[in-house]
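Just below is one structure, and these are the notes that go with it.
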2 protein chains.
Amino acid sequence: MPNTVINTMEEIEEILEERGVRPTTMRLLIYKFLSEKRVALSLKDLENKFDRSDRTTLFRTLKTFEDKGIVHQIDDGSGVNKYAVCALECNCEIENDLHLHFHCNTCNETTCLTDHKIPQISLPAGYSAENVNLVVKGVCEKCS
Amino acid sequence: MPNTVINTMEEIEEILEERGVRPTTMRLLIYKFLSEKRVALSLKDLENKFDRSDRTTLFRTLKTFEDKGIVHQIDDGSGVNKYAVCALECNCEIENDLHLHFHCNTCNETTCLTDHKIPQISLPAGYSAENVNLVVKGVCEKCS
DNA sequence: AAATGAGATGCAACAGAAGTGCATTCTTTT
DNA sequence: AAAAGAATGCACTTCTGTTGCATCTCATTT
Ligand SMILES: [Mn+2]
Ligand SMILES: [Mn+2]
Ligand SMILES: [Zn+2]
Ligand SMILES: [Zn+2]
């Protein structure tokens, strides 16, 4: 049950414009690539895919996407940042949108478990939460 | 209410030996420093403290401590690994010992909330968990 | 006590990821 | 067409983590 969504280029163009991001060719391709993968991707993954484009462009595209709420960054503990497209309703808000991420120790892939919201966390007095990152490591469905 | 524990050098020596780590002078000092701080420390923090010792030694000491279950590594999303001493009973096992970590966006300090265990996480069929990392970001008691 | 050997430390160098300044190219607006 | 603004490409830098190898320290054996 991959949560892969195939968007037409026209749809992607709309998504980017809605978020105030100019839909250049590279950006459309990058978004398409990200959205077709069911796992989170690193800058290196983009470099491998788009070897004719410069690292910096790919890097800044990810940053732009992140700033505009088009993708979210995932720190899965591997030491490299990964990115995955946000769901349409996602605003990366702590109240409703935070899901957990699963990192497989076998295939090293990181998956968004968008249906698995992070449970309510209680904190000591005086602490206030702005963001929560929950990464479960283990063996994924495919590798078990 | 800092969970700071002051150990004598003799006590620290025992702790290291129990775990099969030879209690050299540097190791004793490093353990002491770690255990007196209520926040997780990075390699850089150790470098600043022990400027007469080599980076590599500090690095390898942390690795050794981690391997032997003397400290646990914390990935707080800041991009640098941090370390904190384990509680005595801690074996870093998923069943009983996993606590959440709090990263303050103001002072950039990361705290072990050892009393706040990570709640039970449900996973989709086919996924098995070996480890869980839960980091809450926000404003800490001190900064609020 | 001297020799031995394992482990710890220090130095140097490297690898990978992230980030920045600036020149160039492309796109949109006037 | 000209000008302005944004995106891209190239080079270079910084930061963190990591490893190889020589040297030193210390406990044990002879
Ligand atoms: Mn996700
Ligand atoms: Mn901790
Ligand atoms: Zn897997
Ligand atoms: Zn703080």
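Throughout, a chain's letter reflects where its sequence line sits, starting with A, and its residues are numbered from 1.
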Notebook entry, point to check: Residues two or more places apart in sequence or in another chain: which of them pass salt bridge (charged side-chain N to carboxylate O under 4.0 Å, His left out) with B:Lys142?
Noted result: B:Glu109

Checklist line | Non-neighbouring partners of B:Thr106 that pass side-chain contact (heavy atoms from CB on, under 4.5 Å), sequence neighbours left out | finding: B:Cys104, B:Val139, B:Cys143

Check: Whole Å only: how far is the NZ atom of B:Lys63 from the P atom of C:dA8?
Finding: 17 Å

Notebook entry, point to check: Considering only heavy atoms from C-beta outward, does the side chain of B:Ile74 approach that of B:Asn81 to under 4.5 Å?
Noted result: no

Check: Just the endpoints, please: which first and last nucleotides of DNA chain D, 5' to 3', lie under 4.0 Å from a heavy atom of chain B?
Finding: D:dT16 to D:dC21

Item checked: Whole-Å gap separating C1' (C:dG19) and CG (A:Leu58) -> 14 Å

Next item on the list: If a protein heavy atom is under 4.0 Å from the base, mark B; if only from the sugar-phosphate, S; if neither, -; do that for nucleotides 21-30 of chain C going 5' to 3'.
Entry: BB--------

Notebook entry, point to check: Can you name the residues that form a salt bridge (charged side-chain N to carboxylate O under 4.0 Å, His left out) with B:Lys63, not counting sequence neighbours?
Noted result: B:Glu66

Check: For C:dA17, does OP1 or OP2 lie under 4.0 Å from any side-chain N or O of A:Lys44?
Finding: yes

Checklist line | Donor-acceptor under 3.5 Å (A:Lys117 side chain, A:Thr114 main chain) | finding: yes

Next item on the list: Mind listing the residues from residues 45-55 of chain A sitting with a heavy atom below 4.0 Å of DNA chain D? Number order is fine.
Entry: A:Ser53, A:Asp54

Next item on the list: Please name all residues satisfying ring pair (Phe, Tyr, Trp, His ring centres under 6.0 Å) with B:Phe33, sequence neighbours left out, ordered by chain then number.
Entry: B:Phe50

Check: In chain order, what residues pass the side-chain contact (heavy atoms from CB on, under 4.5 Å) check against A:Thr8, with sequence neighbours excluded?
Finding: A:Glu10, A:Glu11

Notebook entry, point to check: Of all residues at least two apart in sequence or in a different chain, which pass the side-chain hydrogen bond (donor to acceptor under 3.5 Å, both in side chains) check with B:Asp45?
Noted result: B:Ser42

Next item on the list: Kindly state each residue pair satisfying ring-ring contact (aromatic ring centres under 6.0 Å, His included) with at least one member in residues 114-144 of chain B, sequence neighbours excluded.
Entry: A:Phe102-B:Tyr127

Notebook entry, point to check: Mind checking what makes ring pair (Phe, Tyr, Trp, His ring centres under 6.0 Å) contact with A:His103, not counting sequence neighbours?
Noted result: none

Check: Taking OP1 and OP2 of C:dA18, is either one under 4.0 Å from a side-chain nitrogen or oxygen of A:Asn81?
Finding: yes

Next item on the list: Can you tell me the distance, in whole Å, between the CZ atom of B:Phe59 and the P atom of C:dC11?
Entry: 17 Å

Item checked: With B:Glu47 via salt bridge (charged side-chain N to carboxylate O under 4.0 Å, His left out) - residues at least two apart -> B:Arg55

Next item on the list: In whole angstrom, give the distance that lies between atom NZ of A:Lys82 and atom P of C:dA17.
Entry: 10 Å

